[in-house]
Amino acid sequence: MPDISSDLVLFNELVEVLMNEEEQHPVADRIDSDKLYDSIDLSLNSSAMVDEEFKAVLKEVIVSTPKTATNLFFNQLFGGRQGKAVLGDLLAVMLNNSMYTYKVAGPQVGIEQEIIRQSCNLIGYGSNSNGTFPTGGSMSNYMALIMARDAKDPNFRSKGMSQPMVAYTSEESHYSNAKNASFAGIGRDNIRYIKADSVGRMIPALLEEQIKKDINDGFVPTYVNATAGTTVLGAFDPVDKLADITEKYGIWLHVDGAYCGSVIFSNKYKHLVKGIERSDSFSYNAHKMIGTPMTCSIILVNDKKHLHDSFSNDADYLYQTDGDDFNLGKTSFQCGRRNDALKFWTLWKSVGTNGLEQIVDQQFKLADAALEYIRSNPDYSLYSYDDSISICFNYKNIDPTLLCTELYENQITVVGFGAFNEDTFVRFVTINANNEKEDILNFFNVLEEFVAKNPNLIGVEEVVQESL
Ligand SMILES: *Cc1c(COP(=O)(O)O)cnc(C)c1O
C-alpha cells in the first residue's frame, strides 16, 4: 500500500500556512488574470519536481488563492468554515466511496438517507418522500424540472416532446432555470418570467393570469419554480399562495432554496417558506447557509416515485446486491457520485439540529446589525428588505461596480454587486455564521476608510452621471 503519511504531514503544514495567511492577509493579493502564468509557476512538466520546490509552489498557490473563510469575505453566496464539516469532508476524501451502491458505500448510504429523512420531516413531507444529493443547486433545479416534465407526460422519456410545455419562474430567480429548460428539451423560450413585487417576490396573481393565457393558447403548463432566497435580494416567493395555483392547475411546484432554504432549521424564520409541505420538490444548499465545504446540495421529493421514474436505469453490472433503498445510484443523475453527505452529517451530528438553527439565526442577526447601521447613517442608501441576509446598499452615491472592484483590487474586502429593477448596488451577504457583529461593523469601517483615502471615487460617479 502506498504510504501517504508524509503527504499528510505536508498537508498539516500547508494548512498552518493557510490559517496564518487568513489571519495576516484576510484578503489575498490579487493577481491580474493576464499576469497569472507569469506570477506563479503553474506549468506541468515532463520531469518530476523535488520535494522542496514542490512545497514552495504549493505555498505560493495557497497564499495567492482568494480567501473565502475570513471575516472580510462577503461575496456571494458562501463563506466561513464549519470545522466539524471540514473534518467530515476530509474523511470523505480519505474513504473515497462512490455513493451509487451499498456494496461500495456501506454506512455512508445510511448517512445520506438520514439527512434526507430528517430534512423531509422538517418540512412536513410524508412517508413517501425521499431525495438525493445532486452536484449543486443548479443540478437540483434541473432534476426537479425533469421530474415535472416526466410527471406531466410519461412518454417524454422515450418519445421526446409531443406537447408544447411551459415552465414558470420569477424574473428574479436563478439563471439555471433558463439553462435547464434548454437541457430538458422544453426550450429557453418556453419559460415564462413572472414579475416580482416591489420587494422581489413573485406575484401569484400574475402567475395565474399567465397560466390561463397559456392554456388558452394550447400550451401545457408543467412546472412552477418558486425561490426561497432570490439570488440578488434574498426574497422569498410566497409558497403557500403559489401552491394554491399549482394544485388548482395540476402543475409541479418546486421550491429552489439553494440560497436560503436552510431557514427550515430555524423556528424563527421557517415561516418564510410557509406551505413548503405542499410543494412537489424542494432543494437547499448546505454549502451556502449551513457553511459546509462546497458542494452540498440536497433535493427532496414529496413522492419518491418521481425520482425512480425519471432517473433509474437498470444496470446489471452495477446493482448486484441489496435493494433499491440502499442502491442510491438508482435515483441519482450521475453514476459515480462523490460523498457530499458525510461533511453535513458530521456537522449535524456534533451540533445537533439546534446547532444548525443557531447557524441560520446568526446570519439574520448579522443582517439586522448591518441594516441598523445603514439605516442610522445618512451616507448610505438601502435597497434590500427585512428577512434577508443580502444587504444591498450604496455609499455616498459611489458607482457600486467601481467600489467593489476597487475594494477587491486593493485587498480591502471582497464583496459583490447586484441589480434590481433600475438600481445597481453593493450586495453584502452575511452568510458567514462565524462572524460576529463586530465583523459586520468592521466591514463598514474599512469601506469608509478606503473611500476617505480615495475621495476621487465619489467624483467618478458624478462625471458618469453628467455624461448620461
Ligand atoms: C446558488 C443558487 C443556485 C445554484 O446553486 P449552485 O450550487 O451554485 O449550482 C440556484 N438557485 C439559487 C436561488 C441560488 O442562490
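This is a predicted model, so every value here is computed, not measured. Counting from 1, the numbers follow the sequence of the chain as shown. As the structure lists them, so they are numbered: ligands from 1, and atoms in each ligand from 1.
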Partner of E208 by side-chain contact (heavy atoms from CB on, under 4.5 Å), out of I245, I194, T246: I245

Heavy atom of T231, distance to ligand 1 below 4.0 Å: yes

Relative to the heavy atoms of [X], which atoms of ligand 1 are at a distance of less than 4.0 Å?
X	result
A258	2 (C), 3 (C), 10 (C), 11 (N), 12 (C), 14 (C)
G229	13 (C)
K288	1 (C), 2 (C), 3 (C), 5 (O), 14 (C), 15 (O)
H287	7 (O)

R201/E172 under side chain to side chain contact (heavy atoms under 4.5 Å, CB included): CA gap, chis, key distance, verdict: CA-CA 8 Å; R201 301 172 302 200; E172 292 302 306; over 6 Å; no

S297 side chain to P134 backbone, donor-acceptor under 3.5 Å: no

Ring geometry between F265 and F344 (parallel below 30°, tilted from 30 to 60°, perpendicular above 60°): perpendicular

Parallel, tilted or perpendicular, as decided by the 30° and 60° cut-offs, for the rings of F443 and F428: parallel

Under-4.0 Å heavy-atom contact with ligand 1, by part of N285 that carries it: side chain

Proximity of L77 to ligand 1 by residue part, where a heavy atom lies under 4.0 Å: side chain

N or O pair under 3.5 Å between S138 and ligand 1: yes

Close N or O approach (S176, ligand 1; < 3.5 Å): no

K343 to C296 - nearest heavy-atom pair and separation: CE-CB, 3.7 Å

Closest approach of any protein heavy atom to atom 6 (P) of ligand 1, naming residue and atom: G137 N, 3.3 Å

Taking atom 13 (C) of ligand 1 as the reference point, the nearest protein heavy atom with its distance: D256 OD2, 3.4 Å

For atom 4 (C) of ligand 1, the option (of M294, M139, H174, Q76) bearing the nearest heavy atom: H174

Lys/Arg N to Asp/Glu carboxylate O, K349 vs E114, below 4.0 Å: no

Pair D387 + K268, salt bridge at N-O below 4.0 Å: no

